[in-house]
Every structure is written in structure tokens, then in C-alpha cells.
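Note that ligands are numbered from 1 as they come in the structure, with each ligand's atoms numbered from 1 the same way.
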Amino acid sequence: MSVTQITPSGLILLLQLAEQMKILVRDRGGDNRLAHHILGTVFFEASTRTACSFQAAMQRLGGTTIHVDGEGNSSANKKGESLSDTIQCLECYVDLTVLRHPVTGSVGQVVQVAAKPVINAGDGTGEHPTQALLDLYTICNELGYDLGMNESKTGGLELNSKNDKEQKTLIVVMLGDLKHGRTVHSLSKLFARSGIKVILRYCAPPSLSMPQCVQDYVASYNVEQQCFTDMDAAMVDADVLYVTRVQKERFAKVEDYEAVKGTYVVNLEVMKKAPTGMIVLHPLPRVDEIDTRVDSDPRAAYFRQMENGMFVRMALLALVMGKVDGGAIM
Ligand code: NCD
């Protein structure tokens, strides 16, 4: 439901397993550990990456999928069926469900009545926990941190560089619509929870700043947070620039959206000034916040980030279905 449910050791297990899944896909395409298992993907909001990567993950592990387009004409939602009835019905046919819904907290409510595992694929402006997991996996991978990382004495994760083994403090800039962007809510909280040494810099127009409840959660783990409106200032010495879309569909008035859209655009000029070792991430879809000419810059990691989503979701499905033997591939 939420990244706040994961422990540092659970996170290590998941990231390591995701790495094994990447190798499995590369070497053999997948395996059959989830044969005769069915995943239900129920989406009441648009999705390309999350739905397809969960479906591909399930199929690469030998399972199959049933997709319900919650907004479509074939959905009983059109006849007035409640969300919890839809999920309880689908559970008669599937082994686990991945659910996306526009109402914040709705997925958490469904879990109260669900008999089988439900994975939150995004609940309104709340959370998008599996995106945060793949974001963290990508950051470790791209910046060359050892995924065989250990839990420190204080119970947090230590990021060890493959080269110099020193403990480093990451600087992560989150840019754009931090108010409505559920991916940055989850990622901030996951960083706090992980114990990784990090400074979180929030760069947004004042009307789209990071919600106080997220900042309070992060502060409770003593993680340093800094607020910016100037993109160049925020990027000084940054390791990660995490760009988000201004979420048009979440605004009550279109004028409010028009007033802030296009505030930040990452283009070639911005990249020229950016640190040479800084990676650019984006959960996608993008609208105009990253110029397509940036795509060929080696620091643009958003398409690799998207591919990693499948490996992380393979790991998650295997763990949730209990098809992992002590963290090793079965
Ligand atoms: C994001 C989402 O749905 O929250 N997309 C995704 O899952 N990769 C981001 C967005 O819609 O802007």
C-alpha cells in the first residue's frame, strides 16, 4: 500500500532480487515460477508503463494476467458497482491484484476487505510505492552503488560505491508538481525509511510544493530537506534530478494549471550547466518538462528507469507469491 510498510532489510532483499531478475531476463527471458498464477490489473486511471510492466513481469515468470479497465464500458463500475465489490469479485479468479484508482486512500480501503494480496499502483495524489522502488533501484544502478548493500548498525541502508566504498550523502532534486505527484511522495518517504544518507531538495512553484504531511514524515527520520523555486540553484552538486509532470487532471480549475504549466523545462542549456555526473529521472509520461533533445544525453536515464520497472515488479510479484527461496532465484 505504502512505502512506509517496507523495512530496510526488505528493501535490500527486493533490490537484490530485482538485480537477479534483470540477469534472468537477459539470459533466459524469464522462468516458470508463477505458472498457473493469475494477476488481475485493475486500472481506473490511465496507465501505460505501470500496467504493462506488471503484466510483462507476471508473464516473464510464467503467470498470466486479466486486465480490467475500470473506466471502460465493460467494467461493472458503469452499472454502479462499488470498488470493493469489484475487487472481491475479481479475487475469485486471480491470485493477486494490482489496483490504480483516482481517490487518495481508496486502495488502502479495499485492502480491508480483500482476501488476497493487493498492490497499490497509484491512489490519486497519495502514493505510488512500486514506482518509488524502481526509482531507488535505478538510482543505485545508475550511480554505481553496490546492490549487495548492507544494513548499517543503525538499521538504515548504506550506499557503498563500487569504486571507493565510501559512505556518500546523495543530493536528490525533485522538480515540478510535488503537490499532486504521488511518485515523489513515495520516493521521499522511501528515502527517509531506507536510512540512506540523502539531502532532498524540493523545487516547485509555491502553489505546487511538497505536502506538509510528506515533509513531516521525512523530518521524523532526520533527513535534511531544502525548498527551492530556482532550478539552477537546486541543481548545484546534485546527483539526481527527478522531473515530474504538472498533473493537469488534478487541478480543480484549468486557470490554475495554465498559471504553472511550463514553469520548468529541462533543455540542452539546463543540461550544459548541470553537474556532469547528475542523472535525470522522470516517472513518465512527460509533456514538455524535458526537451526530447535531452534524450540522447547519457545522463538521461528515464528510459532505462522505465525498463527497470519490470525487473523490480518481477521481484515484487515473486516475493508476494512466496516464490523466492531465501532471497535466491528458485
Ligand atoms: C506516474 C503516475 O501515474 O503517477 N506515472 C507512472 O506511473 N509511471 C506519473 C504521472 O502520471 O505523471
Among all residues two or more places apart in sequence or in another chain, which pass the ring-ring contact (aromatic ring centres under 6.0 Å, His included) test with Phe43? His67
Give a yes or no on whether Val103 and Val113 share a hydrophobic cluster (residues Ile, Leu, Val, Met, Phe, Trp, Tyr; joining criterion: side-chain heavy atoms under 4.5 Å apart). no
Would you mind reporting whether Arg304 and Met306 have side-chain heavy atoms less than 4.5 Å apart? no
Could you pull out every protein residue that has a heavy atom closer than 4.0 Å to ligand 1, ordered by chain and then number? Thr50, Arg100, His128, Gln131, Arg182, Thr183, Arg245, Gln247, Pro283, Leu284, Pro285
N/O donor to acceptor pairs below 3.5 angstrom from side-chain atoms of residues 313-322, sequence neighbours left out:
unit_1, atom_1, unit_2, atom_2, d
Arg313, NE, Thr130, OG1, 3.4
Arg313, NH1, Ser53, OG, 2.7
Arg313, NH2, Thr130, OG1, 2.9

Taken in chain and number order and not counting sequence neighbours, the residues that satisfy salt bridge (Lys or Arg N to Asp or Glu O under 4.0 Å) with Glu45 are Arg182, Arg250
Over 12 non-hydrogen atoms of neighbours within 6.0 angstrom of CD in Glu269: no
